[in-house]
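Everything below concerns the one structure shown next.
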Amino acid sequence: MTSDPRPRLLRIGLPSKGRLAEVSAQLLSEAGLNFRRPERSLFARCRDMPVEVTFLRTDDIPVLCAEGAIDLGVTGADLVAESGASLVHRLDLGIGSCRLALCVAEGSDVADPRQLAGRRIATSFPRITRDWLAARGVTAHFVELSGSVEIMIQLEVADAIVDLVETGSTLAANRLRVLDEIGRYETVLVQNHHVCDAATADRIVRRLQGIVIARSYSLLEYNIPRARLAEAESITPGFKSPTVSALEDPSWCAVRAMVRRGEAHGIMERLEAIGASAIIETEIANCRL
Ligand code: PRP
């Protein structure tokens, strides 16, 4: 039997369902990795790159990436930590931010995690929780579950739970309160230590990085009297440094700088206060810095 001489395509694992499925597919598409998932298929071939996309359960992605079934994977940093898998962290994707919290019933008199020694804790994150409690000298009994953790106090199988909190509405609906925060996580791109096509993996990382940065920054352009330029530059130092161009009127100049999107309004007000005019914010679709 002869072995197949063709090199294997780089495989990237994406969440097949759940809240991350759509946003991660959208991120890849913005990075120019275009594919069409045939109905019910777990594979799709990218049109313009030697890449195959595999659709997997988000919580299986860390271990499948560590085992080499996929070269790159999009998953939660919480799931990577919980799996204990040895992976290369390539990129924070700026989506899916959440915190992992130790919670008790709203009316509970527990005020400190140490009061939970020997008590029952329901969670899908036993490894992270055990380590966190151990660092505080606490040993508890774990009820390990894969979902619906938020109702376990009500079902009287747990005295506390450890679950992900995003908006807090699940906690409110189940009359729970946060006792302590265990960690903050977001969606990440991870890589196997022996990636099959390192050059293509690096191209994907650079492309995604361009999109992630573009999503969190805006481009601000404005005119400023030269006499106030130094002040303006300290308000908008840019990603590396702002671009300053001359204007027809030698006492004025034009400035272009990247600013954090969430801070744009406040920055515009500060620029206006020092005499800037024609201040324009533009969204960035993609960038290479
Ligand atoms: C997660 C988590 C919480 C909820 C928190 O569940 O387990 O139950 O989201 O989000 P919130 O603070 O915005 O209410 P998810 O919807 O991912 O489903 P799961 O129960 O299958 O984990």
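Order of appearance sets the numbers: ligands from 1, and atoms from 1 within every ligand. When reading the values below, keep in mind they use all heavy atoms of this one structure, side chains included, and skip hydrogens, waters and symmetry mates.
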- Message: With heavy-atom distances below 4.5 Å as the criterion, would you say the side chains of I95 and E186 are in contact?
- Response: no
- Task: Go through ligand 1 atom by atom and flag the ones less than 4.0 Å from a non-hydrogen atom of V165.
- Result: 12 (O)
- Message: Give me the residue, atom name and distance of the protein heavy atom closest to atom 8 (O) of ligand 1.
- Response: D163 OD2, 3.3 Å
- Item | Verdict with reasoning, Q26 to E30, per side chain to side chain donor-acceptor pair (under 3.5 Å) | CA-CA 6 Å; Q26 172 68 25; E30 284 178 36; 2.8 Å; yes
- Message: For the 3.5 Å polar cut-off, considering only N or O atoms, please tell me whether S146 and ligand 1 meet it.
- Response: no
- Would you mind checking which non-hydrogen protein atom is closest to atom 4 (C) of ligand 1, with the distance to 0.1 Å? T170 OG1, 3.5 Å
- G168 to ligand 1: N or O pair under 3.5 Å? yes
- Message: Suppose we measure from atom 6 (O) of ligand 1 to each protein heavy atom; which comes out shortest, and what is that distance?
- Response: R19 NH2, 3.7 Å
- Query: Is it true that D78 and R184 make a salt bridge, defined as a side-chain N closer than 4.0 Å to a carboxylate O?
  - Reply: no
- Message: To check your reading of the model: name the closest protein heavy atom to atom 20 (O) of ligand 1, its residue, and the distance in Å.
- Response: S148 N, 4.2 Å
- Query: CG/D59 to OG1/T75 distance, rounded to the nearest 0.5 angstrom?
  - Reply: 7.5 Å
- Under-4.0 Å heavy-atom contact between protein and atom 22 (O) of ligand 1: no
- Item | Closest protein heavy atom (residue, atom, distance) for atom 13 (O) of ligand 1 | T167 OG1, 2.5 Å
- Query: What's the shortest heavy-atom distance between S41 and F55, and which atoms?
  - Reply: O-CD1, 4.1 Å
- Message: For atom 5 (C) of ligand 1, what is the closest protein heavy atom, and at what distance to 0.1 Å?
- Response: L164 O, 3.3 Å
- Note on the structure: Closest non-hydrogen atoms of F43 and P38, given as atom of the first, atom of the second and distance, are O-CD, 3.4 Å
- Query: Do protein heavy atoms approach atom 11 (P) of ligand 1 to less than 4.0 Å?
  - Reply: yes
- What distance do N192 atom CG and L72 atom CG have between them, rounded to the nearest 0.5 Å? 9.0 Å
